[in-house]
Amino acid sequence: MAINPVPRRTLPDVVAGKLAASILNNTLKAGSQLPPERELVRELGVSRSTVREALKVLADNHLIEARQGVGWFVRPVDNANFSRARELAQMEREVQPAAARPAIGETPTGPRRLPVAPEKPLHIPNLRTDRLGTFDFISWWERKRVEEAKVLIVGAGALGNEVIKNLALMGVGHLFIVDFDTIEAANLSRSPLYRESDSGRRKAEVAAARVKDLNPNVKVQYLHGDVTTQLGLGVIRRMDVIIGCLDNREARLAVNRFSYWMNKPWVDGAIQELLGLVRVFVPGQGACFECTLNEQARRDLAVRYSCPLLARQNILLGKVPTTPTIASIIGAMQSQEALKLIHGMPVEPGKVTHFNGMVNEMHTTAYRSREDCESHWTYGEIIELPTRAETTSLDEMLKIARADLGPDAILELDQELILALKCPRCRTVEQILQPISQVSFEFAHCPACGAMRETEMTHVITGDESFLNRTLASVGVPPLHIVRAYNTQEYRFYELTGDLETALHFSDFEETSPTHRESIRGRIHLGETVRIEESRSNPARGRVVLHD
Ligand SMILES: [Zn+2]
Ligand SMILES: [Zn+2]
């Protein structure tokens with residue numbers, strides 16, 4: 001057996017490692033200037049010459065660069081310098097206290113803090129009592145970030161089972177699982193979370209319950225429903241990563257748009273027999289899912305939308321033959337991409353990695369981002385309202401928008417509202433007034449003569465409607481949704497934040513329910529100033545004043 005010498009770490013290496021770790025975890029951001037030497041000397045408790053040597057190590061590894069007469073600046077971490085940064089960071093593997101780190105996607109506030117002082121002892125986890133202890137030995141693993149992460153898993157089929165299992169084992173702290181399906185015998189051959197006795201139960205609910213079995217420390221929530229129509233955008237807004245474990249293009253397109261609108265990264269996976277692919281999409285960085293669709297696919301979508309009820313019917317039927325093995329491989333890769341996103345590590349957005357299990361070949365190619373892609377749109381400032389989808393009428397919502405945007409403001413619904421079905425043969429008209437997702441395909445046929453009826457529908461509310469007293473929920477707006485309104489100049493975005501407590505809690509299957517449930521006013525009374533939760537970060541503060 002060969003005995004490798006223990007690498008000797010000099011103090012400058014350790015200091016360089018600390019700084020490299022800070023660059024990797026984004027505490028020191030690309031393009032930002034390093035603190036001056038004397039500050040580094042003080043913060044790190046080392047001599048000036050040690051600091052200088054450490055800076056030289058970082059510069060030699062292309063992690064920082066000098067600007068004449070100004071100082072040192074952090075260079076972006078890319079594929080070229082990433083592995084070197086990680087090696088350096090490994091020399092200083094001490095995990096820094098969470099409070100000093102920015103949350104995912106946030107910029108650090110207050111004075112810039114450098115990671116842990118060099119004299120802090122290495123943390124040795126207790127592997128008898130700490131189920132996540134071994135992860136602390138991974139150089140870049142940040143337990144706190146992983147614990148605090150919020151991940152939405154869309155689809156609890158074969159891929160979803162693998163992803164959910166992996167995330168629960170890794171201690172990803174908050175999982176939100178969405179699926180509209182129920183468990184049947186054929187699922188049992190590829191879904192390790194399901195048992196024979198679960199037959200007929202809801203996938204999302206059973207998967208969430210099994211998360212608690214696998215790792216009771218993980219907080220979980222499930223939604224038995226369709227992601228395309230029943231998940232409020234406010235849920236997506238509060239996630240760190242979205243993972244799509246889907247089997248159809250329509251649902252992917254919806255997840256893609258929602259992620260783009262809320263500026264969130266999403267990880268797509270797809271499997272068929274022994275083939276699979278993984279891709280990460282990050283708004284504004286390369287292609288999105290819609291960019292990847294070819295001419296024919298986009299035409300297909302357009303054709304389907306021309307017969308809306310039939311389109312929905314077909315989406316629900318898609319079945320693709322898969323094996324549990326390819327689900328393990330692709331689900332594992334998706335989970336790893338999510339883990340990298342949680343850590344702020346580099347990923348390759350807009351690219352696809354194909355895996356062919358028949359010949360064990362893997363290759364990655366980049367998609368081309370389309371200039372005219374309709375998905376490339378991110379919501380602006382989101383105005384939080386203390387209102388709820390169940391209790392707010394279209395009329396009230398329109399008044400809020402008009403108080404803000406002027407009298408010509410119009411509401412735009414995400415889901416088509418079916419107003420009426422008209423029979424071309426017997427000339428009868430049936431008023432429907434239901435969101436398209438709640439009208440089944442059978443309804444398209446005339447009950448009298450059987451002919452296919454024409455669908456009259458809308459997705460805008462102009463104020464002229466006869467049904468303005470209807471609630472947002474009744475026209476298909478899900479809880480905690482973000483409602484769009486526009487006038488001739490601009491869009492504004494109103495979140496139904498009154499739904500927050502019930503729509504997003506991560507407390508399913510918790511033995512003790514949260515004790516500090518704040519009371520939320522369900523209705524806005526017209527004519528008075530809307531009081532919104534006092535919070536410095538709440539952009540709605542004082543924004544909306546209603547006059548009847
Ligand atoms: Zn696109
Ligand atoms: Zn008829």
Side-chain angles (χ1 to χ4, degrees), residues 135 146 149-181 183 186-195 198 203-204 206-215 218 220 222 227 239-249 251-252 255-256 259 265-281 289 318-343 345 347-349 351-358 360-364:
F135 296 138
V146 176
K150 299 185 183 76
V151 179
L152 173 70
I153 301 109
V154 189
L159 274 180
N161 263 252
E162 290 294 331
V163 167
I164 292 162
K165 176 260 290 174
N166 288 333
L167 298 183
L169 291 179
M170 293 192 290
V172 175
H174 304 82
L175 305 183
F176 194 117
I177 302 168
V178 188
D179 198 299
F180 63 78
D181 212 356
I183 297 167
N187 302 130
L188 299 175
S189 62
R190 67 207 71 214
S191 308
L193 300 177
Y194 304 149
R195 307 283 172 269
D198 296 325
K203 285 183 177 175
V206 175
R210 297 286 139 75
V211 165
K212 297 304 271 185
D213 287 347
L214 281 173
N215 185 348
V218 173
V220 71
Y222 70 90
V227 69
M239 294 293 141
D240 297 308
V241 183
I242 292 108
I243 307 185
C245 302
L246 299 159
D247 60 3
N248 68 82
R249 192 193 289 151
R252 284 193 178 93
V255 168
N256 183 64
S259 300
W266 81 280
V267 184
D268 185 29
I271 51 175
Q272 181 164 10
E273 298 179 13
L274 298 186
L275 308 174
L277 62 82
V278 186
R279 44 199 177 182
V280 180
F281 297 110
F289 171 72
K319 290 263 182 262
V320 181
T322 62
T323 60
T325 48
I326 192 71
S328 303
I329 293 165
I330 298 300
M333 290 172 71
Q334 286 182 279
S335 310
Q336 289 189 168
E337 292 307 303
L339 193 66
K340 288 193 261 177
L341 286 164
I342 288 168
H343 280 90
M345 289 160 73
V347 291
E348 300 201 86
K351 293 188 181 177
V352 58
T353 299
H354 287 273
F355 176 75
N356 181 342
M358 199 63 87
N360 287 342
E361 264 178 8
M362 183 141 47
H363 68 272
T364 300

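We number each residue from 1, following the sequence as shown.
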Fill in: Note, Leu275 side chain near Ile326 side chain (heavy atom, < 4.5 Å)
no
Worksheet item: With a 4.5 Å limit on heavy-atom distance, are the side chains of Asp240 and Leu341 in contact?
Response: no
Worksheet entry | Residue pair Tyr222 / Ala204: nearest heavy atoms and the distance that separates them | CB-O, 3.5 Å
Worksheet item: If you round to the nearest 0.5 Å, how far is CD1 of Ile329 from OG1 of Thr323?
Response: 7.5 Å
Worksheet item: Taking atom OG1 of Thr325 and atom CD1 of Ile330, what is their separation to the nearest 0.5 Å?
Response: 10.5 Å
Worksheet item: Looking only at heavy atoms, what is the nearest atom pair of Leu159 and Gly331, with distance?
Response: CD2-N, 3.6 Å
Worksheet entry | Closest non-hydrogen atom pair, Val211 against Ala168 | CG1-CB, 4.1 Å
Discussion item. Working to the nearest 0.5 angstrom, can you tell me the gap between His363 NE2 and Phe355 CZ?
Written reply: 12.0 Å
Worksheet item: What is the distance from atom CD1 of Ile342 to atom CG of Leu339, rounded to the nearest 0.5 Å?
Response: 5.5 Å
Discussion item. Looking at every non-hydrogen atom in both residues, tell me the closest pair between Tyr194 and Ala156 and how far apart they are.
Written reply: OH-O, 2.6 Å
Fill in: Ser335 backbone acceptor or donor facing Asn166 side chain under 3.5 Å
no
Worksheet item: If you take all heavy atoms of Asp198 and Arg210, which pair is closest and at what distance?
Response: OD2-NH1, 2.7 Å
Donor-acceptor pairs under 3.5 Å, side chain of residues 169-176 to any protein atom, not counting sequence neighbours: which ones?
unit_1, atom_1, unit_2, atom_2, d
His174, ND1, Glu147, O, 3.4
His174, ND1, Ala149, O, 3.1

Worksheet item: For the side chain of Arg190 and the backbone of Ala327, is there at least one donor-acceptor N/O pair under 3.5 Å apart?
Response: no
Fill in: Leu277 CG to Asn356 CG distance, which is reported to the nearest 0.5 Å
11.5 Å
Practice prompt. Any chance you could measure Gln336, atom CD, to Met345, atom CE, to the nearest 0.5 Å?
Written response: 10.0 Å
Worksheet, complete the sentence: Sorted by chain and residue number, the salt bridge (Lys or Arg N to Asp or Glu O under 4.0 Å) partners of Asp268 (sequence neighbours excluded) come out as Arg252, Arg279
Worksheet entry | Audit row: Val347, Val267, side chain to side chain contact (heavy atoms under 4.5 Å, CB included) steps and yes/no | CA-CA 10 Å; Val347 291; Val267 184; over 6 Å; no
Practice prompt. Locate the shortest heavy-atom distance separating Glu162 from Ser328; write the atom from each residue and the value.
Written response: OE2-OG, 3.4 Å
Discussion item. Could you check whether any side-chain N or O of Asn161 sits under 3.5 Å from a backbone N or O of Leu193, counting only pairs where one atom can act as donor and the other as acceptor?
Written reply: yes
Fill in: Lys351 side chain reached by Val280 side chain, heavy atoms, under 4.5 Å
no
Worksheet item: Given side chains that start at C-beta, do those of Asn187 and Lys203 come closer than 4.5 Å, heavy atoms only?
Response: yes
